[in-house]
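Take a look at the structure set out below.
Just so you know, these numbers come straight off a predicted model, no measurement behind them.
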There are 2 protein chains.
Amino acid sequence: MTPPEPFRALEHIQSLPSWLVGRVAARGRSLVAEAIAGEGLKLPHHAVLAAVFEYGPVAQADLVRRLSIDAKDLVGFLNHLEGAGLLVREPDPRDRRKNAVTVTTKGTRTLRRCAELGERANEELLSPLDAAERQALIALLTKLHQVPSPDADHAQPDAARQED
Amino acid sequence: MTPPEPFRALEHIQSLPSWLVGRVAARGRSLVAEAIAGEGLKLPHHAVLAAVFEYGPVAQADLVRRLSIDAKDLVGFLNHLEGAGLLVREPDPRDRRKNAVTVTTKGTRTLRRCAELGERANEELLSPLDAAERQALIALLTKLHQVPSPDADHAQPDAARQED
DNA sequence: GGGTAATCGTTGGACATCCCCACGAATCTC
DNA sequence: GAGATTCGTGGGGATGTCCAACGATTACCC
């Protein structure tokens with residue numbers, strides 16, 4: 001496993017698993033991105049809209065914590081999504097500092113279409129694999145993913161940085 | 001495989017393979033990045049230096065094509081690498097438009113250390129897996145990676161975008 | 001040969017992402 | 001009630017990716 005003697009530096013880099021996953025991830029990213037582009041959403045907008053849907057009427061600070069995204073960027077995403085009529089910001093009567101963010105019915109419909117589109121993009125990503133291989137891949141990736149920090153004392157959830 | 005009826009939008013997104021690979025890739029990326037940071041290199045610099053080493057005296061335009069990176073960005077990387085004494089830009093006598101870029105012996109030594117460091121970072125990334133699982137993962141990822149475009153007519157090589 | 005097209009390295013700038021800081025308003029703590 | 005904290009929102013900077021254009025040089029083609 002040490003670098004072979006006719007030293008091929010680039011070849012070596014590109015044989016590393018870290019490089020391989022990176023390439024596959026980039027392809028998956030762009031596939032999903034162009035799949036949902038027709039709905040007028042980019043990946044972060046999609047993730048935010050999904051989180052708002054899932055966590056009901058939710059304050060922006062909660063979204064920041066759950067998605068581990070920047071508060072400033074969230075404002076921009078919400079502005080866009082609200083402008084498109086996919087969600088609404090209302091003042092929270094129980095705490096007038098907060099906004100209660102809720103998905104509209106139009107937003108819900110968009111979300112359902114995006115779920116279908118994302119599914120299909122993943123279908124294409126995994127098309128070279130048969131059912132058993134797909135299952136094996138998911139199992140291996142899951143194993144790698146849910147052990148991010150060996151010191152599991154106060155591990156940050158760090159949920160959805162790259163969104164899809 | 002269609003979205004389940006108690007519709008969990010975020011959960012659904014985060015169950016997609018595209019999301020899983022993305023998270024694992026992000027972790028691999030940062031592991032390798034901090035591994036080689038001690039050598040004063042970031043991921044793109046490392047990839048460029050490796051490519052220059054592998055392709056001997058090479059013109060910058062060739063590096064642009066082989067690595068699929070932007071020409072402007074390459075200039076910056078080369079400036080940094082040349083400033084650190086890891087490579088040299090010389091005018092190509094046979095085509096005075098081109099630069100002949102070559103790795104110095106110092107650059108070669110750095111590259112060997114980085115190969116070792118990258119290896120170790122990948123060791124840590126794959127630590128939850130045993131030998132058989134690692135082999136299986138690499139095989140699956142390779143299968144996904146080398147079929148980027150179904151229309152293999154004039155497929156772009158598109159070599160090393162995210163470098164490691 | 002000579003004029004046009006293409007390529008070389010380089011620069012400028014658009015755009016998105018991520019990080020830290022600061023502000024006015026509202027709420028919580030004691 | 002007074003001070004600390006949280007809320008949403010903006011400013012500004014550091015990167016990373018990508019496209020457009022330029023002067024210099026070379027290749028093409030009639």
Side-chain angles (χ1 to χ4, degrees), chain A residues 22-23 25-27 29-30 33-34 37 40-48 52 57-83 87-102 156 158-164, chain B residues 22 25-26 29-30 32-34 37 41-48 52 57-83 87-102 156 158-164:
Chain A
R23 303 252 56 228
R27 183 165 139 81
R29 229 181 131 65
S30 74
E34 63 184 82
L41 294 184
K42 304 193 175 186
L43 295 186
H45 300 88
H46 182 202
V48 168
V52 173
V58 59
Q60 299 182 198
D62 284 337
L63 291 173
V64 165
R65 283 183 286 264
R66 302 227 197 217
L67 295 177
S68 303
I69 62 177
D70 189 73
K72 179 192 179 76
D73 301 329
L74 178 64
V75 172
F77 299 148
L78 291 180
N79 287 345
H80 178 244
L81 293 168
E82 190 171 26
L87 53 80
V88 189
R89 272 190 274 210
E90 293 166 317
D92 184 336
R94 296 183 307 180
D95 186 340
R96 306 211 321 275
R97 294 172 301 179
K98 299 183 181 178
N99 282 340
V101 189
T102 317
Q156 45 182 349
D158 198 22
R161 288 211 99 99
Q162 91 308 345
E163 321 312 346
D164 276 66
Chain B
R29 230 180 130 65
S30 74
V32 175
E34 63 184 82
L41 295 184
K42 303 192 173 185
L43 296 185
H45 301 88
H46 183 203
V48 167
V52 172
V58 60
Q60 297 182 199
D62 284 336
L63 291 173
V64 165
R65 283 184 286 264
R66 300 226 197 219
L67 296 178
S68 302
I69 61 176
D70 189 77
K72 176 194 177 78
D73 304 328
L74 177 65
V75 172
F77 300 148
L78 291 179
N79 288 344
H80 179 244
L81 293 168
E82 191 171 25
L87 53 80
V88 189
R89 272 190 274 211
E90 293 165 317
D92 185 334
R94 296 182 307 177
D95 187 339
R96 306 210 321 273
R97 293 173 301 182
K98 300 183 180 177
N99 282 340
V101 189
T102 317
Q156 45 182 349
D158 199 23
R161 289 211 100 98
Q162 90 311 340
E163 322 313 347
D164 275 68

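- The side-chain heavy atoms of A:V101 and A:L81, taken from C-beta on, include no pair separated by under 4.5 Å.
- Between B:R94 and B:D92, the closest heavy-atom pair is N-OD1, 2.8 Å.
- In this structure, the CG atom of A:D73 is 14 Å from the C1' atom of D:dG8, given to the nearest Å.
- Residue contacts for A:A71: at a heavy-atom cut-off of 4.0 Å it reaches a base atom on one of the strands shown.
- The two residues A:G40 and A:H80 make their nearest non-hydrogen contact at O-CE1, 3.5 Å.
- Per the geometry, CG belonging to B:L78 stands 8 Å off P belonging to C:dT10, to the nearest Å.
- In terms of phosphate contacts, A:N79 brings no side-chain nitrogen or oxygen within less than 4.0 Å of OP1 or OP2 of D:dT9.
- One atom, NE2 of B:H45, and another, P of D:dG16, lie 8 Å apart when rounded to the nearest Å.
- Ranking D:dG8, D:dC7, C:dT11 by closeness to the A:R97 side chain, first place goes to D:dC7.
- Distance NE2 (B:H80) to P (D:dG16): 11 Å, rounded to an integer number of Å.
- The distance between atom NZ of B:K98 and atom C1' of D:dA24, rounded to the nearest whole Å, is 15 Å.
- Among the nucleotides C:dA6, C:dG13, D:dT6, the one closest to any side-chain atom of B:K72 is C:dG13.
- Across all strands shown, B:D70 has heavy atoms under 4.0 Å from base atoms, whether or not it also approaches the sugar-phosphate.
- Atoms CZ (B:R96) and P (C:dC8) sit 16 Å apart, rounded to a whole Å.
- Of the listed nucleotides (D:dC7, C:dC19, C:dC8), C:dC8 has the atom at the smallest distance from the side chain of B:R65.
- Neither OP1 nor OP2 of D:dC7 sits under 4.0 Å from any side-chain N or O of A:Q60.
- Nearest nucleotide to the A:N99 side chain, out of C:dT17, C:dT10, D:dT9: D:dT9.
- Between the CG atom of B:L67 and the CG atom of B:L74 there is a distance of 7.5 Å, given to the nearest 0.5 Å.
- Within 4.0 Å (heavy atoms only), A:R89 reaches sugar-phosphate atoms of the nucleic acid but no base atom.
- Straight-line distance from the CZ atom of B:R94 to the C1' atom of C:dT7: 16 Å, rounded to whole Å.
- Distance check: B:Q60 CD to B:I69 CD1 gives 9.5 Å after rounding to the nearest 0.5 Å.
- The separation between A:R29 atom CZ and C:dA16 atom C1' is 11 Å, rounded to whole Å.
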